[in-house]
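Below is one structure, written out as structure tokens, with a few remarks after it.
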Amino acid sequence: MMNIGMTRVQLLILLALAIVMFALAFPPWREYRNVSQADVDVETLAIAIKKYFRHTQQYPENLEQLVTDPGVEGWRGTYLASVPKTPWGGTYVLLPNAYKVGIVKGHPRVPSKYQLGGIAEISRVYHVDARLGEKYWW
């Protein structure tokens, strides 16, 4: 009589293969998830900065001014519930001279390619006049 079921050895081999496939797929999936979240965060920050500008006719000096009243005329309450942290645990930075918001350069846990100045930097230009801000995009 023939046994059609799996042996324990076959089951262990199948389980080992599944574990190896998961271990190989997890890091790229996690990086994709982190990059996607950071991209959404900087877009949200840029929109909040534009609203701040429309109300006050000036840009914030730091991201905390989107959450707490800086004493600027025209400020209409919080533009964000809180300033988000990057998915890697760091903070986003505001570059007033370049009209950019992005991931701070030199953060130890963020891959350098996603930091400001990296080849795949995650940032947004927040200048109200998009044509002026375009020159700072690259």
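- Distance CG/L14 to CD1/I19: 10.0 Å, rounded to 0.5 Å.
- With a 4.5 Å cut-off on side-chain heavy atoms, V72 and P60 do not count as touching.
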Requested in this report: Test side-chain contact (heavy atoms from CB on, under 4.5 Å) on V104 and Q115 and set out the steps.
Outcome: CA-CA 6 Å; V104 67; Q115 299 172 14; over 6 Å; no

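- When all heavy atoms of V67 and A81 are compared, the pair lying nearest together is CG1-O, 3.8 Å.
- In terms of heavy atoms, G102 sits closest to V42 at CA-CG1, 4.0 Å.
- Among I47, D41, D39, the single residue meeting the side chain to side chain contact (heavy atoms under 4.5 Å, CB included) criterion with R124 is D39.
- Atom CH2 of residue W88 and atom CD of residue Q37 lie 10.0 Å apart, to the nearest 0.5 angstrom.
- Put simply, the side chain of Y92 does not reach to within 4.5 Å of the side chain of S123, judged on heavy atoms.
- Residues Y32 and V40 do not share a hydrophobic cluster, defined by chaining ILVMFWY side chains whose heavy atoms lie under 4.5 Å apart.
- Environment of CD in Q10: crowded, with over 12 heavy atoms of neighbouring residues, nucleotides or ligands closer than 6.0 Å.
- For K51, the salt bridge (Lys or Arg N to Asp or Glu O under 4.0 Å) test picks out no residue, with sequence neighbours left out.
- Classified by interplanar angle (parallel below 30°, tilted 30° to 60°, perpendicular above 60°), the ring pair Y59/F53 is parallel.
- At least one side-chain heavy atom of N62 sits less than 4.5 Å from a side-chain heavy atom of Q65.
- Residues N34 and Y114 are not in side-chain contact: their nearest non-hydrogen atoms beyond the backbone lie 4.5 Å or more apart.
- Other residues, nucleotides and ligands contribute over 12 non-hydrogen atoms within 6.0 Å of the CD atom of Q57.
- Here L63 contributes atom CG and L80 contributes atom CG; the two are 8.0 Å apart, rounded to the nearest 0.5 Å.
- Both L66 and V125 are members of a single hydrophobic cluster when ILVMFWY side chains are connected at heavy-atom separations under 4.5 Å.
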Query - Worked verdict on T91 versus V83 for side-chain contact (heavy atoms from CB on, under 4.5 Å) - result: CA-CA 8 Å; T91 57; V83 177; over 6 Å; no

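- With rounding to the nearest 0.5 Å, the separation of CD1 in I103 from CG in L116 is 7.5 Å.
- For F26, the ring-ring contact (aromatic ring centres under 6.0 Å, His included) criterion is met by F22, W29, not counting sequence neighbours.
- Atom CD1 of I122 is separated from atom NZ of K113 by 9.5 Å, given to the nearest 0.5 angstrom.
- Using a 4.5 Å heavy-atom threshold, the side chains of L94 and Y126 count as touching.
- Residue Y52 comes nearest to P70 through the heavy atom pair OH-CG, 3.5 Å, listed as atom of the first residue, atom of the second, then distance.
- Across A38 and P87, no two heavy atoms sit closer than the pair N-CG, 3.8 Å.
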